[in-house]
2 protein chains.
Amino acid sequence: MRPDDIPAIRSLDLFSDMSEDSFHDLVRGAYMQTFPPQVDLISEGDPADFLYVVVSGSVELYARWNGRETSLSTVRPISTFILAATIKDAPYLMSARTTEKSRLILLPSQDVRDVFERDNAFARAVVTELAQCYRTVVKNAKNLKLRTSIERLANYVLRWSARNGGATEFELAMEKRRLASFLGMTPENLSRAIKALRPYGLEIDGARVRITNRTDLELLAKPNPLIDDFTT
Amino acid sequence: MRPDDIPAIRSLDLFSDMSEDSFHDLVRGAYMQTFPPQVDLISEGDPADFLYVVVSGSVELYARWNGRETSLSTVRPISTFILAATIKDAPYLMSARTTEKSRLILLPSQDVRDVFERDNAFARAVVTELAQCYRTVVKNAKNLKLRTSIERLANYVLRWSARNGGATEFELAMEKRRLASFLGMTPENLSRAIKALRPYGLEIDGARVRITNRTDLELLAKPNPLIDDFTT
DNA sequence: CCGGCATCTTGACAATTGTCAAATTCACGA
DNA sequence: TCGTGAATTTGACAATTGTCAAGATGCCGG
């Protein structure tokens, strides 16, 4: 593991409060690895051997059933994924693959569980992290069940605009195929949703997003902090 | 609070490991209350003033947006709800109402957070509980995104059959309107889904469920532990 | 036991979303 | 720069799901 990655992950909320000893125990058995794009990291159903930390690049979490596949989330630096499976020592519920060249840290799950048992500050940090994850998935479920695909797209764009400091123009963070899957629709349907939103003040040309009329777009999207605000 | 409710909630995984002192601190400020059916307990967006424990009856967690409403889960005895909001001191993401006459324990959130800070065993129990909640919602999201409404119904029935010890005949645990909402469809669509499953070995007459051909039903439902097994 | 009301079911229809095939655009390596 | 293959878009169509209205059923209180 590169020496300069240590302070980077140490500063994560999940690891910042724990004792120096515990942190040392955690990273002692860890290793860092760089993966090319589109590499399968884990497969749903596998035992949770590692807790992963995305240091650079990005990782897609997805799931399969009966020949169908859906994208559930994208993990960006610097954060961890599959913490719940690691702590519970349960099989992964989601598969993971890199979407681009990515540097990952792999922490052996047994070490994570050992430190979790010993270090109280770490145990509390895990709570905060899991509570955050839980609330994010609940918001996701609300988004899926309460909104049509056009509404989901409109709100997705507004969320990313907010994340970019309220920018009117920015780039899509993933290819459209993946975005469609994440939003719970087909790529064809996403194309049509994009066209349908043009009269409501949204233009997407390639990866370029332009909000031409925020008022109209918000009137249609009706963004709601209890679904769209990913800070609370 | 009735004296005989104390051992009942003390035996919950969430409370069983904590110190006697901590438990006492927790229940000292708690109060127990019995509510009639269809009483609104909390509303999404409200500050998380209490952690709730369902002692008897049942509570529906639901959410609203833009005039639409969807049922997200049903909490049955004995378990808690809205633990994540309580710990994070964040607004509720879901509303809650009793579905029947229910006895609930209300633990002031501040007390829960205080004990969480002090009692390490409790902090770890919270982790286990939250990890469980998280994985349940993830399974739910997979169910919604990967399956059609008919498949969701078929798997719902098989899950409840399993929960009833593999029974071939049992009663629906909620009215159809609520079930439809939970499964992400309209009541009309649920009616049709029920009819569509008759040739596949499922009969639902009123609240009575009869699996007449488990093989065919499973062939259609393709149940999967990574979506349908609520024990892992 | 009956009436009234909510739930559930059904039919007809509309909207949404998915599927398939073909055309077009785009990105990347030779 | 060009060619190749993947991604995206479009059109035509089908399947799924929702909406509305009406009728049937079931439950509860008087």
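Atoms considered below: every heavy atom in the structure, side chains included; atoms not considered: hydrogens, waters and symmetry mates. Naming: A, B, ... by sequence-line order, numbering from 1 per chain.
One interatomic measurement links the two molecules: NZ of B:K145 to C1' of D:dT16, which rounds to 18 Å at whole-angstrom precision. Distance CD (A:E175) to P (C:dT25): 20 Å, rounded to an integer number of Å. Rounded to a whole Å, the CG atom of A:N189 is 15 Å from the C1' atom of D:dA12. With rounding to whole Å, A:R177 atom CZ is found 14 Å from C:dC26 atom C1'. Summarising the geometry, the separation between CE on A:M185 and P on D:dT9 is reported as 12 Å, rounded to the nearest angstrom. Between A:L153 atom CG and D:dT9 atom P the separation is 11 Å, expressed in whole Å. To the nearest angstrom, P of D:dT17 lies 14 Å from CG of A:L144. Residue B:I204 contributes atom CD1, which lies 12 Å from atom P of C:dC8 at whole-angstrom precision.
Checked by distance alone, B:E188 brings no side-chain donor or acceptor within 3.5 Å of a matching partner on the base of C:dC8. With hydrogens and angles left out, the side chain of A:R68 and the base of C:dG18 share no donor-acceptor pair within 3.5 Å.
One finds no side-chain N or O of B:T148 lying less than 4.0 angstrom from the OP1 or OP2 phosphate oxygen of D:dT16. Distances shorter than 4.0 Å separate some side-chain N or O of A:S149 from OP1 or OP2 on C:dT17.
B:E203 contributes atom CD, which lies 11.5 Å from atom CD1 of B:I211 (distance to the nearest 0.5 angstrom). Between atom CE of residue B:M94 and atom CD1 of residue B:I42 there is a gap of 8.0 Å, rounded to the nearest 0.5 Å.
The side chain of A:S191 approaches D:dT8 more closely than any other nucleotide in the set C:dT19, C:dC8, D:dT8. Of the candidates C:dT19, C:dT9, C:dT10, the closest approach to any side-chain atom of B:K176 belongs to C:dT9.
Comparing A:D205 and A:I150 along DNA chain C, the residue whose closest nucleotide (by nearest heavy atom) sits nearer the 5' end is A:I150. In terms of position along DNA chain C, the nucleotide closest to B:L190 lies nearer the 5' end than the nucleotide closest to the other residue of the pair B:L190 and A:R147.
Looking at A:L158 and A:D228, their side chains never come closer than 4.5 Å, going by heavy atoms from C-beta outward.
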Candidate pair A:T136 and A:F230, rule side chain to side chain contact (heavy atoms under 4.5 Å, CB included), full reasoning: CA-CA 7 Å; A:T136 301; A:F230 278 81; 3.3 Å; yes
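Because its NZ or CZ atom is not both nearer than 6.0 Å to the ring centre of B:W65 and within 45° of the ring axis, B:R68 does not count as a cation-pi partner of that residue.
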